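Please read these numbers as outputs of a predicted model, since none were measured by experiment. Per chain, numbering begins at 1; letters A, B, ... match sequence-line order.
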Amino acid sequence: MAAKYREFQQLNLPSIETEILAKWTEHQAFEHSVSIREGATPFVFYEGPPSANGMPGIHHVISRTLKDLVCRYKTMQGYQVKRKGGWDTHGLPIELGVEKELGITKEDIGKTISVEEYNQKCREAVLRFKDKWDDLTNKMGYWVDLNDPYITFQNEYIETLWWLLKRLHEKGLLYKSVSIQPYSPAAGTGLSSHELNQPGTYKDVKDTSAVAMFKVIENSESQFLFDAANQTSTGSDQSSPEVFFLAWTTTPWTLPSNLGLTVGPNIDYVLVKTFNPYTHLPVNVVLAKSLLGKYFKPEGENGDFEGYTAETKLLPWEIIAECKGKTLEHCRYEQLLPYEANSAEKAGGDPFRVLCDTFVTTEDGTGIVHTAPAFGADDYKVGKKYGIGILTMVDREGKFVDGLGEFSNRYVKNYKDDANYVDVNIDISVKLKKENRAFKVEKYEHSYPHCWRTDKPVLYYPLDAWFIRTTAIKDRMVELNRTINWKPKATGEGRFGNWLENMVDWNLSRSRYWGTPLPIWRTADGAEEKCIGSIEELNSEIRKAGEVLGGEVNKNYLHNGILDLHKPYVDEVVLVSSKGEPMHREPDLIDVWFDSGAMPYAQWGLDQEKLKAGSDKPFNAPFDQNFPADFICEGVDQTRGWFYTLHALGALLFDSVAYKTVVSNGLVLDKNGNKMSKRLGNVVDPFRTIETYGADATRWYLITNASPWDSLKFDLEGIKEVQRKFFGTLYNTYQFFALYANVDGFAFREAYIPLSERPEIDRWILSSLNTLVKDVTVAFDDYEPTIAGRLVEDFVDEHLSNWYVRLCRRRFWKGDYSADKIAAYQTLYECLETITRLIAPVSPFFADWLFGNLNAVTGRYAETSVHHVLYPVADGTKMDPALEERMQLAQDASSLVLGLRKKVNIKVRQPLQRILIPVLNPAMREQLEKVADLVKSEVNVKEVQYLTDADGFIKKKIKPNFQALGKRLGGKMKAVSAAIAEFDQEAISKLEKEGSYSLEFDSEPLILQIHEVEITSEDIPGWMVSSKGALTVALDVTVTPELEQEGNARELVNRIQKIRKDNGYELTDRILVKLAEAGNLAESIRQFSSYIKAEVLADGLELVDTMGEEAMAIEVNEQSVKVWVEKATRS
RNA sequence: AGAUCCGUAGCUCAGCCUGGUUAGAGCACUACACUGAUAAUGUAGGGGUCAGCAGUUCAAAUCUGCUCGGGUCUACCA
């Protein structure tokens, strides 16, 4: 006896997964899936390293499912896909976590705790949840190499980063400069953007804002302003008129550092003649035209200048000139608040000019932006462009420097919680008012960032930082980006593309402790600097410095070299310059994004031989075959993170893309569309989800519910639905197969029956199957797993289960082990087996389980896992579009007839004589004839008749084919459409016969072609009719006595089958049946005796007069009858 | 504030690129049927201002613009 297909009580995905997981572990299925492809074309995948200092969430499951399915798919297509895991181990989140845990702040580090101890804590915290992560990886079926991951804090990793940095340094792409960064004077530290994004950082505050007046200097650039002012100058005012630029600020304390005024080149500005509302002196002011309304009332326009006094409420004003911002460029003005400390010389440039830039808006203020390069990123940028120098009149404690007269040494905000603090901003405003230099002073409410630690306002402050000159290759990065296949496309072109267009240099510096140290040593005067590119190089420099400088220098590192590349050790190292001066390390760490962006190189580490040989890619061996990546995938939040840094480093260092395809998946929200957060308590625990519903159902749900890049509303009900609908159906189909295949001992040992010898329906399902394979492959190749999954779902449900199996049920249990039966088994087996391979990438457990169950009996594959076999390839010779089309016709026809039966309430078991189908053309008839038998048995009718218009009793309906006709007719469409609607039967049949029809339209001839209309049959007078599209079906609902008797027989069969089942008989048991008191059923029984016997596997069917108590009373079509069923003894 | 994605039935989504006249599925709901796949299945029904407004067009869920709502990223700036 051959092995049996496994049969089950019910579907239990989690227990299947436990079983498969054990099998994978035992046979090292993952390792094997890679090693069997040794020598094959590699498909390169990069794993974006997660940070293991927090628990994994459900959102990690989606991106990892995507990664996994692509890798599995490519493996099954014959590529070798190595997947090296990795861990991101540096960075602020880790440090903040440790600070919180230890109850310390940044200031404590190096004081109450040594940097050495602190970094040790970070190192311990970093992989705290690694076990949990590994557990999830395992349970969700994510195949990735966890045994040999790259870890960013390891020396080998950091060493490679250093080499890369050195490379950038050599290319002149790594430089030190000032940048304007958020800075907290109260805490005495710069703030990262991460810190600035803490909740509650932005607060609405009321600040004193001032519109300051900058006095224009008369020269050739500004002459036109003065000319206009002079022309309208009135007799009472003999002195030469004064012209001012109006500029608004919410931070008057930045005014002593003012060096420029910025206007928008395309903004319209006006010169307005008016009076200063505080001093009442006549003035001429420049501001943006669209902002006039903020300062001047419409009633005051061209008002009474002569009669203006201090008491006049309404300010008269008049526009006396107009120009674009570009015209104002380079105009000069007098410094607003000159002191000894803020002279033009000290600024070190050519200040007090009007500048142009597009960042200027006219939404607030005056359209002229007061520009203090030290205190704003935009200001700094535009200031640098024009070379106006820089003044930093505030120190790091947040107070004015010496040499600013009455403002010297005053805090610009109340940083010290001083109860007697007097707001210097008010004092500055008052001074301006008195000096005829303020046009408007008022409180202004706006949102402003505050330090999350001290709650004090942040200010933007120039700090030293190291930069990578990404802007140097901006165009190349844009160009390379165009070659990357972005999914979705819009993210690459839009979000990422715009980001590249507006790129600024990459600020690498972080003033923290736990991270990759910048490998740059400098002399005190900064004249000489060294960038170290390897451990070997550092050690040799250490020894050199030890020799030259002598004494205690580097004494801890002279013998064994440096053992840990982190702080504080590297900071203890002193190097020596060519002139014998000591060099100290630049204290910064580098941005963690550099760590992860450099993983294509650093994951392999440096090859010391290649390094010595001076290779320009001195990385360990697999690098050459593993760069660039064919595919990466992470959340959209990585667009400016990992996607960017990978791209930037690939382009900067090797003039290459780092990845060819990138999939950015969307967020996972809760079922109400809210972001998941611990605070709201709506986080979904991935472990519980997987344990309850199974990883496969979860994966399938995540993939098929929405495109990966759309945000997903995660609902457990959806997983249940997938479980029931998809896996349940597929499982049922397998159970059905196994049930009968075990009875018949089918093990695919017979020769493959040629398609030409199989029935229509077999050829149809195999054709559909191959079409499915083709479409699924196209979808996967296009990184559209959602489409692929939905296609498989539709096939399994609609085609395989609800049509093929339903229609073929009898073939499996009826009759001998004939050729037809074998064909049915072979066909269904082929479908199931192919589906296991199709779904293997998405639902790896269930697929492997099903594949194993099938293959265990047939042994068609030598491989023990579906993940080791090849992905199905569509067989064109099995595809037959006409066949698929006519089967659709059959399904539609059946559905229509069943609908009609329902309407007249005649059950399907009651046979009916015939259906009529009007055929519009010979091709349609041919198609229908081929599937007529299927339709007949499906809807239980005896015959199908075809009606042609020759029979004369179809009424046809005509309507324009808008798509075809619209192109030709355009505007006449409406009228012609109305004319077509008026066609009578004669006109329609004329058009059909001749293929065209001419009509007169607007006294112009118009020839209507047959393909420009759609003709359908509308009605068959006197019949029950139903239609869908071009297909119309009529049903003969007459139940003749003969039909009724047959119906009775079938009903009886049905009842006896039920008894068999209730009695618990085996499918193959023979029975004996006795019936009594059958009334008007007796005739049916006699007439259909052999039919009944065959159907219920009865050796005998007897009509008797009476029966004992034990007989069962049943009802058949409202006629009661007594029946007795017993097992027949085998003869 | 800018960029970007999304908005179609009670819920989850197709359809939109390439405009075409009854806007589709599944779930849920209701009724009926089927009963040798049965903790399965089928049929039918109700349920839509395709977020809103304007435009282009003979024709708009589909193309364009604006507005509103939600998400994400970037920024917070005088």
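When heavy atoms are screened at a 4.0 angstrom cut-off, A:Gly966 is found touching base atoms of the nucleic acid. At the heavy-atom level, A:Val805 lies under 4.0 Å from base atoms of the strands shown. When heavy atoms are screened at a 4.0 angstrom cut-off, A:Ser801 is found touching base atoms of the nucleic acid. Across all strands, A:Arg1055 comes closer than 4.0 Å to no nucleic acid atom at all (heavy-atom distances). Among the protein residues, A:Trp813 comes within range of the sugar-phosphate backbone only, with heavy atoms under 4.0 Å from sugar or phosphate atoms but none that close to a base. Contacts of A:Phe737 with the nucleic acid, taken as non-hydrogen atoms under 4.0 Å apart, are absent.
Taking 4.0 angstrom as the limit, A:Lys959 places a side-chain polar atom (N or O) nearer than this to OP1 or OP2 of B:U22. Contact annotation: A:Asn802 side-chain N/O to B:G42 OP1/OP2 distance is under 4.0 Å. Under 4.0 angstrom from either OP1 or OP2 of B:A37 there lies no side-chain N or O belonging to A:Thr733.
Rounded to whole Å, atom P of B:A28 lies 13 Å from atom CG of A:Asp715. Whole-Å rounding puts the A:Gln963 CD to B:A60 P distance at 15 Å. B:A37 atom C1' lies 19 Å from atom CZ of A:Phe727, rounded to whole Å. The distance from atom OH of A:Tyr731 to atom C1' of B:A39 is 10 Å, rounded to the nearest whole Å. Atom pair A:Tyr701:OH and B:C27:C1' shows a separation of 12 Å (rounding to whole Å applied). In this structure, A:Lys1058 places its NZ atom 14 Å from P of B:A37, rounding to the nearest Å. One atom, CD of A:Gln891, and another, C1' of B:U43, lie 15 Å apart when rounded to the nearest Å. Look at NE2 on A:His370: it is 12 Å from C1' on B:C77, rounded to the nearest Å.
Counting heavy atoms from C-beta on, the side chains of A:Arg811 and A:Tyr740 never come closer than 4.5 Å. Counting heavy atoms from C-beta on, the side chains of A:Leu828 and A:Thr733 come closer than 4.5 Å. Two residues are said to be in side-chain contact when any heavy atoms from C-beta on lie closer than 4.5 Å; A:Ile1056 and A:Glu1095 fail this criterion. The closest side-chain heavy-atom distance from A:Met213 to A:Leu246 is below 4.5 Å.
Annotation: B:G46 and B:C6 have their P atoms spaced 32 Å apart (nearest Å). Taking the P atom of each, B:C34 and B:G20 are spaced 42 Å apart, rounded to whole Å. Taking the C1' atoms as reference points, B:U8 lies 4 Å from B:C50, given to the whole Å. Spacing between B:U43 and B:A28 at atom P, rounded to whole Å, works out to 15 Å. With both ends at atom C1', the span from B:U38 to B:G24 equals 30 Å, rounded to whole Å. As rounded to the nearest Å, B:U22 and B:A9 have C1' atoms that lie 16 Å from one another. Here, B:U72 and B:U56 have their P atoms 37 Å apart, quoted to the whole Å. Across B:C77 and B:C66, the matching P atoms stand 27 Å from one another, rounded to whole Å.
A perpendicular orientation is assigned to the rings of A:Phe714 and A:Tyr701, their planes being inclined by more than 60° (bins at 30° and 60°). Classification of the A:Tyr734-A:Phe737 ring pair by plane angle, with boundaries at 30° and 60°, yields tilted.
A:Lys1093 places no side-chain N or O within 3.5 Å of a backbone atom of A:Val1073 that could act as its donor or acceptor partner. A donor-acceptor contact shorter than 3.5 Å is absent between the side chain of A:Arg806 and the backbone of A:Glu938. Judged purely by atom type and a 3.5 angstrom limit, A:Glu634 has no side-chain atom pairing as donor or acceptor with the backbone of A:Phe643. Side chain of A:Asn425 to main chain of A:Val412: a donor-acceptor pair is present (N/O by atom type, distance under 3.5 Å, no hydrogens or angles).
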Every protein N/O lying under 3.5 Å from an N/O of nucleotides 14-19 of chain B:
from	atom 1	to	atom 2	distance (Å)
B:A14	O5'	A:Arg790	NH1	3.3

Identify each atom pair where a protein N or O and an N or O of nucleotides 32-34 of chain B are less than 3.5 Å apart, giving names and distance.
from	atom 1	to	atom 2	distance (Å)
B:C32	O2'	A:Lys902	NZ	3.2
B:C34	O3'	A:Arg909	NH1	3.0

All N/O contacts under 3.5 Å from nucleotides 23-26 of chain B to the protein, with atom names and distances to one decimal?
from	atom 1	to	atom 2	distance (Å)
B:G26	O2'	A:Glu721	OE2	2.8

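Across all strands shown, B:U38 remains unpaired; no Watson-Crick or G-U wobble contact has both distances below 3.5 Å. The partner of B:A31 is B:U43, judged by Watson-Crick or G-U wobble contacts that both fall below 3.5 Å. The pairing partner recorded for B:U4 is B:G71, the criterion being a Watson-Crick or G-U wobble arrangement whose two distances lie under 3.5 angstrom. Taking a pair to require two hydrogen-bonding distances under 3.5 Å in either a Watson-Crick or a G-U wobble arrangement, B:A23 remains unpaired. Across all strands shown, B:C17 forms no Watson-Crick or G-U wobble pair with both key distances under 3.5 Å. B:U62 is unpaired under the criterion used here, namely a Watson-Crick or G-U wobble arrangement in which both key atom distances are under 3.5 Å.
Side-chain polar atoms of A:Arg1050 and A:Asn940 form a donor-acceptor pair below 3.5 angstrom.
Residue A:Met973 has its side chain nearest to B:G20 when only B:C77, B:A40, B:G20 are considered. Nearest to the side chain of A:Tyr460, among B:U12, B:C76, B:A78, sits B:C76. The listed nucleotides are B:A78, B:A28, B:C77; the one nearest the side chain of A:Val369 is B:A78. Among B:A78, B:U41, B:C77, the nucleotide with an atom closest to any side-chain atom of A:Arg806 is B:U41.
Between A:Ala377 and A:Gly728, it is A:Gly728 whose nearest contact on RNA chain B lies nearer the 5' terminus. Sequence order on RNA chain B of the closest nucleotides to A:Leu965 and A:Trp709 puts A:Trp709 first from the 5' end.
The aromatic ring centres of A:Phe812 and A:Phe736 sit less than 6.0 Å apart. Residues A:Trp248 and A:Tyr295 keep their aromatic ring centres 6.0 Å or farther apart. The six-membered or imidazole ring of A:Trp593 lies away from that of A:Tyr644, with a centre-to-centre distance of 6.0 Å or more.
Distance CG/A:Leu800 to CG/A:Asn732: 11.5 Å, rounded to 0.5 Å.
Look at A:Arg790 and A:Glu793 and you find no salt bridge, because none of the NZ, NE, NH1 or NH2 atoms lies under 4.0 Å from a carboxylate O.
Judged by distance alone, with hydrogens and angles left aside, A:Gln10 brings a side-chain donor or acceptor within reach of the base of B:A39, the pair sitting under 3.5 Å.
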